[in-house]
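Reckoned from all heavy atoms, side chains included, excluding hydrogens, waters and symmetry mates. This chain uses plain numbering: 1 for the first residue, then up along the sequence.
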Amino acid sequence: MSKRVFLNLEQRIEVLRQYENGKSARKLAELFNCGRTQINKVIKEKDSILKEYEDFKFCGVKRMRHEKYVDINEAVLEWFKTVRAKKIPASGPMIHHKAKEHADLLGIENLSDSNGWLDRFRIRNNITCLSLCGEVADVDPSSREYWQERLPLLLAGYNDKDIFNMYETALFFSLFVQ
């Protein structure tokens, strides 16, 4: 029994080009080392494959799987973008909870509780859960003014080489503990 071969989107486009140039399905199956059934399926689904290629939606993906809950995914993605624009961290459970809320609003009861949906959502939308940085956006202006006046008084008895940020403190602590 031979190993099953899946053609990615670029290979499917090449199959369609060569088929239009007059090659038979049997010759294409030999050329791409796959079955004639798969070649015939590519030819049959020509319109959808060309549309996906124009959108670059499934570039490099071997199987084209369409989203099951497009409305929920779009709503959660919009929520995520607004939350991140406000510099509010959004964790995986928060994203999943928001998806459940939208599913309840739309009357969808069988939304999966697994982490699979969340993982695929992150991959589809290129979301990474990194810590938010940006000291300027995180500080209240009135608090900043207070500390600009007070900080020189607190640091008056220390040399500049002995003053560290918090992330530097952890680094030096780990160096000296070992």
Considering all heavy atoms of both residues, which atom of [X] and which atom of [Y] are nearest to each other, and what is their separation?
X: N40; Y: A25; result: OD1-CB, 3.4 Å
X: F121; Y: V76; result: CZ-CG1, 3.6 Å
X: G35; Y: A29; result: C-CB, 3.9 Å

**Report entry** side-chain hydrogen bond (donor to acceptor under 3.5 Å, both in side chains) involving E101 - partner list, sequence neighbours excluded
**Finding:**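 If we apply the side-chain hydrogen bond (donor to acceptor under 3.5 Å, both in side chains) test to E101, skipping adjacent residues, the hits are H97, K98.
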Query raised in the report: For E20, what residues pass the side-chain hydrogen bond (donor to acceptor under 3.5 Å, both in side chains) criterion, not counting sequence neighbours?
Result: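 Checked E20 against side-chain hydrogen bond (donor to acceptor under 3.5 Å, both in side chains); matches are K46.
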Query raised in the report: For R26, which residues count as a salt bridge (charged side-chain N to carboxylate O under 4.0 Å, His left out) partner, sequence neighbours excluded?
Result: E30
Query raised in the report: Among all residues two or more places apart in sequence or in another chain, which pass the salt bridge (charged side-chain N to carboxylate O under 4.0 Å, His left out) test with E78?
Result: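 Checked E78 against salt bridge (charged side-chain N to carboxylate O under 4.0 Å, His left out); zero matches.
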Query - Pairing residues for I123 by the side-chain contact (heavy atoms from CB on, under 4.5 Å) criterion, not counting sequence neighbours - result: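 Checked I123 against side-chain contact (heavy atoms from CB on, under 4.5 Å); zero matches.
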Requested in this report: Please answer whether the main-chain N or O of L118 pairs with a side-chain N or O of R122 as donor and acceptor at a distance below 3.5 Å.
Outcome: no
Query raised in the report: With distance as the sole test, does R12 use its side chain to make a donor-acceptor pair with the main-chain N or O of I49 at under 3.5 Å?
Result: no
Rounded to the nearest 0.5 Å, how far apart are [atom1] of [X] and [atom2] of [Y]?
X: I43; Y: R36; atom1: CD1; atom2: CZ; answer: 11.5 Å
X: L50; Y: L9; atom1: CG; atom2: CG; answer: 9.0 Å
X: S91; Y: H96; atom1: OG; atom2: NE2; answer: 12.0 Å
X: I95; Y: K100; atom1: CD1; atom2: NZ; answer: 15.0 Å

Report task. Give the C-alpha distance, both sets of side-chain angles, the deciding distance and a yes or no for side-chain contact (heavy atoms from CB on, under 4.5 Å) between T37 and K41. Result -> CA-CA 6 Å; T37 307; K41 186 176 180 184; 5.7 Å; no
Close side-chain approach of [X] to [Y], heavy-atom, < 4.5 Å:
X: F32; Y: E14; value: yes
X: Y19; Y: I39; value: no
X: W79; Y: M94; value: yes
X: V15; Y: K23; value: no
X: L28; Y: V42; value: no

Report task. Treating Ile, Leu, Val, Met, Phe, Trp and Tyr as nodes and any side-chain heavy-atom pair under 4.5 angstrom as an edge, say whether L153 and Y158 lie in one connected cluster. Result -> no
Query - Common cluster, L105/L77, ILVMFWY with side-chain heavy-atom separation under 4.5 Å - result: no
Query raised in the report: Can you name the ring-ring contact (aromatic ring centres under 6.0 Å, His included) partners of F80, sequence neighbours left out?
Result: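 ring-ring contact (aromatic ring centres under 6.0 Å, His included) check on F80 returns nothing, list empty.
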